[in-house]
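Below is one structure; the comments refer to it alone.
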Amino acid sequence: MKVEDVLARTKDSMTVERVFAEPVERDGTTVITAAAISGGAGAGAGTDVEGKEGSGGGFGVGAKPVGAYVLKDGQVRWQPAIDVNRLVTIAGVVTIVAAIVGLRIASLRARAAHIPGSRRQRKPFARGTR
């Protein structure tokens, strides 16, 4: 595959049809879904020590839904897509970070309670005395 072929195929793949789907109409409501598209390509050519030529390349395209335009009664509104996997991942990361920070704070407070001369040093409580 030549470099020009890779670039032509990449250009053909990155079209508006990949971003906006065909409108769907039901009961007077029209929905046009939208996606975020990203991609990349790479290619190269060269010759070896014997003078033989070679070339290669490739490309990749990725898409994820971002939402839909909803047309109803002459009004247009944007309805964002919710990525549940991303929400769960973020919630998990926040929980883990909060637990680590909480443990670190507890550890520092426990250490400060045992440092001589520290303002936070606690005196042992003897039963029956005040």
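With contacts defined as side-chain heavy-atom distances shorter than 4.5 Å, the pair I82/L87 qualifies. The closest side-chain heavy-atom distance from I32 to V70 is not below 4.5 Å.
Closest heavy-atom contact between P65 and A81: O-CB, 4.0 Å. The two residues T30 and P23 come nearest to each other via the heavy atoms CG2-CB, 3.8 Å. The minimum heavy-atom distance between A68 and W78, with the atom names listed, is O-CE3, 3.5 Å.
Of the inter-residue distances, the one linking I90 atom CD1 with T95 atom OG1 reads 11.5 Å to the nearest 0.5 angstrom. The line from CZ of R86 to NZ of K64 is 5.0 Å long, rounded to the nearest 0.5 Å.
For the pair T89 (side chain) and N85 (backbone), a donor-acceptor distance under 3.5 Å is present.
Each of V24 and Y69 belongs to its own hydrophobic cluster when Ile, Leu, Val, Met, Phe, Trp and Tyr are linked at side-chain heavy-atom distances under 4.5 angstrom. Under the 4.5 Å side-chain contact rule for hydrophobic residues, V88 and I96 do not share a cluster. Both F20 and V76 are part of a single hydrophobic cluster, where members link through side-chain heavy atoms under 4.5 Å apart.
Surrounding CD of E53 are at most 12 heavy atoms belonging to other residues, nucleotides or ligands under 6.0 Å away.
Looking only at atom types and distance, the side chain of R77 has no donor-acceptor partner in the side chain of Q75 under 3.5 Å away.
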**Prompt:** Can you check side-chain contact (heavy atoms from CB on, under 4.5 Å) on V101 and R104, steps first, answer last?
**Reply:** CA-CA 5 Å; V101 169; R104 181 72 177 146; 5.6 Å; no

